[in-house]
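Report on the following structure.
Because only heavy atoms are used, hydrogens play no part in the values below, and waters and symmetry mates are left out as well, while side chains stay in. Per chain, numbering begins at 1; letters A, B, ... match sequence-line order.
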There are 2 protein chains.
Amino acid sequence: MPASTVGFEAKMDHASLLKKVIEAIKDLLGDCTWDCTNTGMSLQSMDSSHVALVNVMMKSEGFARYKCERNLNMGISLASMAKVLKCAGQEDNVIIKTDGDSSTVTFVFGNDDGDRTAEFELKLMNIDVEHLGIPETDYDCIIKMPSGEFKRLCGDLSQFGDSVAISCTKGEVRFEAQGDIGTGHIRLSKKGSADKPDEEISIELEQPVSLTFALKYLNNFAKATPLSATVRLCMSNNHPLCVEYPMPEVGHIRYYLAPKIEEEAD
Amino acid sequence: MPASTVGFEAKMDHASLLKKVIEAIKDLLGDCTWDCTNTGMSLQSMDSSHVALVNVMMKSEGFARYKCERNLNMGISLASMAKVLKCAGQEDNVIIKTDGDSSTVTFVFGNDDGDRTAEFELKLMNIDVEHLGIPETDYDCIIKMPSGEFKRLCGDLSQFGDSVAISCTKGEVRFEAQGDIGTGHIRLSKKGSADKPDEEISIELEQPVSLTFALKYLNNFAKATPLSATVRLCMSNNHPLCVEYPMPEVGHIRYYLAPKIEEEAD
DNA sequence: ACGTTATTCG
DNA sequence: CGAATAACGT
C-alpha cells in the first residue's frame, strides 16, 4: 500500500478568497456538496428554504496548483468550513486536500515565510445530490453596477418593505419598495466607465422588464459583495433573476431567484 | 388648477446635518410636529415622559434653498424620518418638500454627479399641538464648555448615581453624583479660549447656583454632541436648566429640564 | 442571524 | 471618507 493516495489537492494563494466565498453562501445553504473535477470546484444547491438557487464556480485556473485525479463529491458543513477559514491569517495561502477514500477534508494554512502552518481536518458528510437545472441563459435585460451600490440599495429599501420592484428601461433602472411607513424609489442612470471602471453602470436591454423580488433574499445575495466590485443583474419578465458576482480569473457566484407574482396589480 | 402647488421646499447641502438633528431628538420625542414658516423649520415638544422639553430651530438661512409659501405643520414619526435619513449617502444633499394639501412629505437625496437619485415619501400625521411656553431667558449662570466634555462627565457620573448636583461659583463648576458604590466629583475651571476656541470653558455668573438633575435626561441631551463642538448650560436656582447646542449659521437644539427637589438634604 | 457600534485600516 | 473588522446586544 502506498504511503498516501491523494485524490484531490488544490492550493490557493489567498485563503481570504475562499473565506469570502463561504461567507457569501453559508447563511443560505447550511450544508452543501462541492463537485471536484478536472476543471475546478463547483457547487449548485437550493437554499435551505428551497426558494433560491446558488451556483459557485471556482475554476482550476484560479488555483496556484490544482490536481484532481478523479471526480469526487465533498459534502461539507459550511458553518464548520467557515469556522476553519476564520483560522486563516489575512495573508495565508491554503491547501485543500482529500483522498477519494477518506471521509475527511484537510485545510492547511501557511504563510510565505513557511514558519507557521495550521492544519484543520473536517469530517465529510453524505448529502443528497439534487441536481436542479439552471434557468435560461438568454436575458431581456442585463444590468451591471457596482456591487456596493446594489448592496446599499437593497439594504436601504428593506427599511420600507419586504419586496422591491425593479423596472428597467433604456437609459435607467428603478428600484421601488413600499410599506407602512412610506415608499422608497431609487433611480440609477447609465454611467460611463471612463475613469473608474468599477463605478460603471451599464444596461443591455432587449426589452423593458418589470419584476418584483423578495428583499430578504437579495440582501443575502449581497453578502457576496466583498468578492467582486461589480454585480450583474440578469432579468427577463416572468423568469428568475440571476445575480452574478464575477470573480475575475477564478469563476463566479450566481444566485437565482424567482420573481413574486403581483396579484394586487391594478 | 396648476399642475403642482409646492407649499414647502427646502434644500440642504448636507443631509448628514439633518440626520444628526433627528438622531439627537428621536429617542426623546417619538413623533413630533415641525412648524414651517418663512423664517425656518422649528419644533417644540415635551418628551414622551412629559418631563423634558425639546426645541429645535433650523433657520431658513441654514438651507441652500428655502421656500415656504404658507405656514404649515408637518406631523411626522421621527423613527420613520430616521430610517429615511439612513438612506442618505454621507455626501448627499437633500430636498425636503411637501405641498400644504398633501398628506405626505418627500425627501430626495442626490449626489453632486446626479446619476443617482433616491426619493422617499413619508406619511404625515396629525399630532396634538401642545404649545408649551419656553422657560425664562434670563439666567443666573451660563456655562459654556466643550460638548464632548459634557457628554463625558454625564456618562462618567452615571456610573455612580441617577442624578447630578451642579453647583457653580465664580471661577468653577462642580458636578457631583453619589450612589451605592461611591461618589464622583468633577470640577471644571474657567479656561481661556486662546488657541482653541472649542476647548474654552467660560462661566457667566450673576449669582451662585446649585441644582440637581436626573442624569438619564442629560445623557439623552448629549446625543446632540455631534452637532456642536460646544454646549451651553443655562441655570437659575429652582428653575429649569436649558442645555443648548448651537448650530452655527443654522440654528440650535435646546433641551429644558426641571431640577429635582432635594428633600433628603441633610 | 441581524443590526448597531467602535475601531482600524487604506 | 469608505471599507473591513470586531464586539456587543437584541
message = Could you work out, with ring-ring contact (aromatic ring centres under 6.0 Å, His included) as the rule, every residue matching Tyr245(B), not counting sequence neighbours?
response = none
inquiry  = Among residues at least two apart in sequence or on other chains, which ones pass ring-ring contact (aromatic ring centres under 6.0 Å, His included) with Phe109(A)?
reply    = Phe120(A)
note = With sequence neighbours left out, the residues meeting ring-ring contact (aromatic ring centres under 6.0 Å, His included) with Tyr256(A) are none
query = Just how far, in rounded Å, is P of dC1(D) from CZ of Arg152(A)?
reply = 14 Å
key: Atom-to-atom span, CD of Glu199(A) to C1' of dG2(D) - whole angstrom   = 12 Å
Below 3.5 Å, can you tabulate the donor-acceptor pairs from side chains in residues 80-92 of chain B to any protein atom, sequence neighbours excluded?
{"residue": "Ser80(B)", "atom": "OG", "partner": "Ser77(B)", "partner atom": "OG", "Å": "3.1"}
{"residue": "Asp92(B)", "atom": "OD2", "partner": "Gly89(B)", "partner atom": "N", "Å": "2.8"}

inquiry  = Walk along nucleotides 1-7 of chain C from 5' to 3' and tag each nucleotide B, S or - by protein heavy-atom contact under 4.0 Å, base first, then sugar-phosphate.
reply    = SS-S---
note = In short, side-chain hydrogen bond (donor to acceptor under 3.5 Å, both in side chains) pairs touching residues 146-162 of chain B with sequence neighbours left out are Arg152(B)-Asp156(B), Ser158(B)-Asn219(B)
